Amino acid sequence: MLEVEQLVKRYGKGGAGVRGVSFRVAPGEFFTLLGPSGCGKTTTLRCIAGLETPDGGRIAIDGAPVFGAGRTVPVNRRDIAMVFQSYAIWPHMSVAQNIAFPLEAQNLPRAERARRVDQALAMVGLEGLGGRPASLLSGGQQQRVALARAAVRGAKLLLLDEPLSNLDASLRERMRAELRDLQQRLGTTAIYVTHDQEEAMSLSDRVALMRDGEVLELATPQDLYLRPTHAFTAGFLGLAELLPCTVRGPEGTFLRVDTSLGPLLASGDPAGTLLLIRPEHVRLDAPPGAPNQLHGTIARAAFAGRHVDYTVEVAGHPIPVQAASGRMHPVGTAVTLTLPPAQCWLMKG
Amino acid sequence: MTLDRAVALALGLLLCWMVAAPLGLVLLSAVRPGGFPLDPGFTTANFAAVYLAPGFPELLGTTLAFAAGSTAVALVLGTLLAWAIERTDLPGAALFRALVILPMATPPVLLAIGWTMLASPRIGVLNRVLQDTLGLSAAPFDVFSLGGMVFVEGLSLVPTTVLMLAPACRNMDPSFEEAALASGASRLRVLRRIVLPLLLPAIAAAACFMMIVSLVVFDVPGTLGLPVRRFVLSTQVFHWISESPGGVPEYGKVGALAVLFLAILLALGALYRRATRRAAAFRTVGGKAFRARPMPLGTLRWPVFTCVSAYFVVAVVLPLSVLVWSSLMPYQVAPSRAALALLTLENHRDFLANGQVAEAAWNSVVIALVAATAVAALAGLVAWLVVRRRVPGGAVLDALAFAPIAVPGVMIGVALIYLYLATGPILPVYGTIWIIVIAYATQYLPFGTRLIGGSMIQLHPELEEAGRTSGASEARILRRVTLPLVAPALAATWVWVLAHALRELSSALLLRSFDNMTVPTLLWDYWSGGEPTRAAAVGVWLVLAVLGALLLSRLVGRRAVDA
Amino acid sequence: MPEEIAVPTRRTMLLAAPALLLGRSARAQVDALATEAAGLGPVIWYESTPSDLANQVAAAFGRRYPRIALRHVRDSGGNAMSARIIQESQGGARTADVATNSASVFWPLAQRGLLEGADWAALGATPSMAPTPYSLLATASVFVLLSNTKLVPEAEAPAGWDALLEPRWRGRIGVWQRTEPFVSLAALWGPERVADYLGRLSAQLPFLFPSTFPLAQQVAAGEVAAGVGIYHAALPAISRGAPLRYLVPEPAPISSLYSFMPKAGRNRPGGKLFSLWLATEEGALAYEAATGRGNPLIAATRTAQLLAGHTSVEQKPEDADATLPLIERYDAILRQTGQAAPSK
């Protein structure tokens, strides 16, 4: 559906450039470009849209080249729809006029336009608000109008540039679900740009993690989170404890490694030198006798509602642990940590 | 009483003194049998003489056609130009941005003469070149016609239009255009359906302004319309003031006509407010940060470049070339190869050797700097109080600051003379450069308030509210948030007033005395003494001075941004 | 071709005898004026010549009266001077001590009671030099027929009023938008004949110019081939080599400029002294040397020589009120006829 090959975009002063980005997106896929600000994810998206002209590489949408080999298809001739971070709802138009604009640009007859605008309004739950001036909408409503405007065109490729970042937390979570639902119903391919790893993982079929203008890692959310190949990925996607280690050799289905906490069983890259431990994978309540058990003392405990954040001192080394919030261990309690070997992930440094 | 109200009150009093008092004197003269405000008696004869004159409907018709036509030309060219140089990746946009103001420095009378040399059916060099190369039997252009007047006046209004629209263009969130492009709209549709409507407040403000300016402008109709009897109201005003057979200016009639101009102004003001009623809809400068990304013109890039270049050739290069040409001629000669033999630097030598130049230049610079700064400050304050602070009585402030535009500059000068003759013992400004400063500040205030007000409407209140919630005082918010955001409009106002004050003639002549000579009065001395080519030499130096001032202000501006 | 322009030399100026033949008592009056004026500060002179030229006149006056400084303030033309004097008089400010302008300007001022009268006859002035107590003749503008020497061969140059009505001049001539020369002509021809003439001239679709200076320049540039101009307004172009010729028509309309003294002046003796000096041969020649305009009643001036052999015609200044409707009528003829048939 979308092919991006060796995309290069240089920037003069301090802007986010893109240095040879390549990926392919399958039809119907929800694909996310994730990364910290300045990593080049928005630039990549704008190159796909045609709002920026790359300095090199090739882009094809639905098999048709839109950039490369000396030709550039202008934005308005690309079969895309885009949702902007600021929504870009035109303040001088009503809600319906905003949504109808892409249809107007296609010169569709008035009646057909009205029918599809009503459909789109219903789809985003704004029935009956078509006549309202766009400038009187709340943030969430603007977001829905922006989505409806993008959806109404029936484009094969939907581009979303941090569409949820201007919403408050609860609305953001609800819109996230609606967005995914909408994309599924429309069956479009979506390219989504965000710096929020949770958003990326919960929405996407696949995620490309970008850093300094390059795609560092491209995988499904699970692989990226549980089985990353880079320390940066591990750290960017969530809380991570990274322990330097040395692999001693296989032991059963796992690998035996030496760490500053002592010998442990782990899985992953046999040539790995770093051990990733996610705080939520560490168990405090496992029965004795399980592998990878360490003894320590609770040094800090913070109640966070859904879970409790502990810092456990093990051999003078603080290990973050996230445990279910049913029971609180007071500071000073001696505990036994269990690190499931399947979730102790070895990777290169 | 809050600080706002105190400031508004003080400003209101100042504006009453600066604007209402002179305007009152102008209107008073309308009911005086002798036409002078301090003359005794009362009459309505002036109104009858103006409005019931047999030719009046036709005169009004020609005037409106001229004003509407010039405004249309200026708006179409100015909007496209402002958009192209501010919002797109037009090649050479920075250069165009700097050059667009240049024609403003040329005194309009010289510009009109330049166009005679270019497009007169008899001696116009464009006509001759086209006739020779295309073998035409008749001259293709006739600048001595209503169309010619509209064209030249329209062109001369373009720089102002660009200045008024450029800040609005610059401040517009580029996602608005990008979203439209990404919706599949062509660039033309984006311009028509998105850009133009979003610029509507700024365009409406510019339209009001241009309309009134072209109602009262004299130079172009006087040079191009008068010879072929295309009379407009301003040529009539000129006749009343300068050429009335009685030997005394008929200020009474001018005052009576000013009532009509004020009425038109109020009507346009109401239209403007209607056009921008949903002011909130046009807060295109949101709280969200955006990078000013130029819109890619794509395949239109070079065609647009060609059009913009063509405009610059026609509006800047051609007239300025004729100006330079004239300044190198001993007497007025249309450009031709044969005339090359006459080339002389005498006019320039003469200008530079003129003992009055140093004094006149110093006066001009002081007047221009003070007037420009005063207008930017006053207009900024008025716009801030009216648009941002919404003080009670704001509409009155706004109307006061806009009203001077409806009165010919000469009439303002006349009224100021009375005002400062009467206050001579307390405010001894009559006969000094300061009365000229006051006249210019009054005359140019309307431009400043339109431009800065239009720019402030665009600001989302959140930007100031954020400052307030940060615990900043109002003064600090004004200084650190509002001012930097409207800085482009303030700077544009300053430059515009500077350029106009450097070239302004009519009120300077009226207020002239021994020691307040300015460069344009020097120019006028040559011009009216039958030496237009020497006047052209002064014009060339004026344009150079304004160019220098522009470059300097850009340099200073850039440093200020960097700091 | 016209005769060479005779610019008076310094020598002729020094040799010139005073035009006002002052008797013993008059001379004593003048001396008294000079003494009085010297103690009253500079003499302010409102006049329309560019200041650098007018300052030459001031310098010549200063050579005659070294203790009196003359300061020239340039009037911006048209009716600006009367407006200024009225305003300054009404506002109680200092105004000109002496001003030079046409009857149409000083007459309304005199009627408003703003001018000081004088017994000019006692000072030796003839009635034609001092037609009213408020005015002393200073100089005159002479209307001439201009043509472009390149576009119009000498033999075809319009030399008389009727020549301008020939069909070949249709759309090719320029006139001043003020009908002053024709109003002057009416003093000899009578109002009706001039109205008829003007109607036929308007049918020629002449270009109207706001002032006679650009008119002369546009004849020189070839924008119009010929026109009714003013002699001294054509001089700057001619002196710089422009292809411009002038012929004095018969009868020759002139427009006299007079010196007059506002009551609100602070150095009125100085103003009076300067008025008198301008009316002497020395003053008239100095003024003509600077401005090209001379006093037609002083034989040594170029202007008097120009008009020699011609009937110079003009309305009387004291008839200004009666002339007013005539001007309005002629203005209307000149402006309206053309509107009916716009030029192509």
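Keep in mind that this is a model prediction, so the values were computed, not measured. All chains are named by letter (A, B, ...) in the order of the sequence lines, taking the proteins before the strands, and each is independently numbered beginning at 1.
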Counting heavy-atom pairs under 4.5 angstrom with chain B, the leader among C:Ala237, C:Ala220, C:Pro210, C:Gly292 is C:Pro210

Under 4.5 Å to a heavy atom of chain B? For C:Gln217 that would be both

Comparing C:Val73, C:Asp52, C:Ile86 against chain B, the one with the most heavy-atom pairs below 4.5 Å turns out to be C:Ile86

Output for pair (C:Ile238 CD1, B:Tyr331 OH), nearest 0.5 Å, gives 11.5 Å

When the 4.5 angstrom heavy-atom criterion is applied to B:Tyr420 and chain C, the contacting part is neither

Closest heavy-atom pair, C:Pro236 versus B:Glu531, reported as atoms and distance to 0.1 Å, is CB-CG, 3.8 Å

If one checks every heavy atom of C:Arg112 against chain B at 4.5 Å, the contacting part turns out to be side chain

The reported gap from OG in C:Ser82 to CZ in B:Phe36 (rounded to nearest 0.5 angstrom) is 6.0 Å

Under 3.5 Å, is there a donor-acceptor pair linking the side chains of C:Arg240 and B:Thr533?
yes

If one checks every heavy atom of C:Ala216 against chain B at 4.5 Å, the contacting part turns out to be neither

- Query: Going by atom types only, do B:Asp525 and C:Ser51 share a side-chain donor-acceptor pair under 3.5 Å?
  - Reply: no

Open item on the list: Working note: B:Phe231 + C:Leu208, criterion side-chain contact (heavy atoms from CB on, under 4.5 Å); need CA distance, chi angles, decisive distance, verdict.
Closed with: CA-CA 11 Å; B:Phe231 299 109; C:Leu208 305 186; 4.1 Å; yes

Applying a strict 4.5 Å limit to non-hydrogen atoms, the region of C:Arg74 in contact with chain B is both

What one should report as the nearest heavy-atom pair of B:Leu421 and C:Ala93 is CD2-CB, 3.0 Å

Applying a strict 4.5 Å limit to non-hydrogen atoms, the region of B:Met517 in contact with chain C is neither

With side-chain contact (heavy atoms from CB on, under 4.5 Å) as the test, would you mind laying out the steps for B:His239 and C:Gln177 before giving the verdict? CA-CA 9 Å; B:His239 191 76; C:Gln177 65 148 349; 4.0 Å; yes

Of the listed C:Ala233, C:Ala103, C:Pro243, C:Gly92, the one with the largest count of heavy-atom pairs under 4.5 Å with chain B is C:Pro243

Cut-off 4.5 Å, heavy atoms of chain C, and the answer for B:Ile417 is side chain

Minimal heavy-atom distance between C:Ala83 and B:Tyr251, with the atoms involved, is CB-OH, 3.3 Å

Under 4.5 Å to a heavy atom of chain B? For C:Ile44 that would be side chain

Short side-chain donor-acceptor distance under 3.5 Å, B:Asp39 and C:Gln90
yes

Sorted by chain and residue number, the side chain to side chain contact (heavy atoms under 4.5 Å, CB included) partners of C:Ala58 (sequence neighbours excluded) come out as C:Leu70

Kindly say whether C:Leu334 contributes a backbone atom to a donor-acceptor pair with the side chain of B:Arg229 at under 3.5 angstrom?
yes

Applying a strict 4.5 Å limit to non-hydrogen atoms, the region of C:Thr212 in contact with chain B is neither

So, the part of C:Gln218 with a heavy atom under 4.5 Å from chain B: the answer is side chain

Most contact-rich option vs chain B, by heavy-atom pairs under 4.5 angstrom, among C:Gly222, C:Pro206, C:Pro214, C:Pro50, is C:Pro206

By residue number, those in residues 320-330 of chain C with heavy atoms under 4.5 Å from heavy atoms of chain B are C:Leu324, C:Ile327, C:Glu328

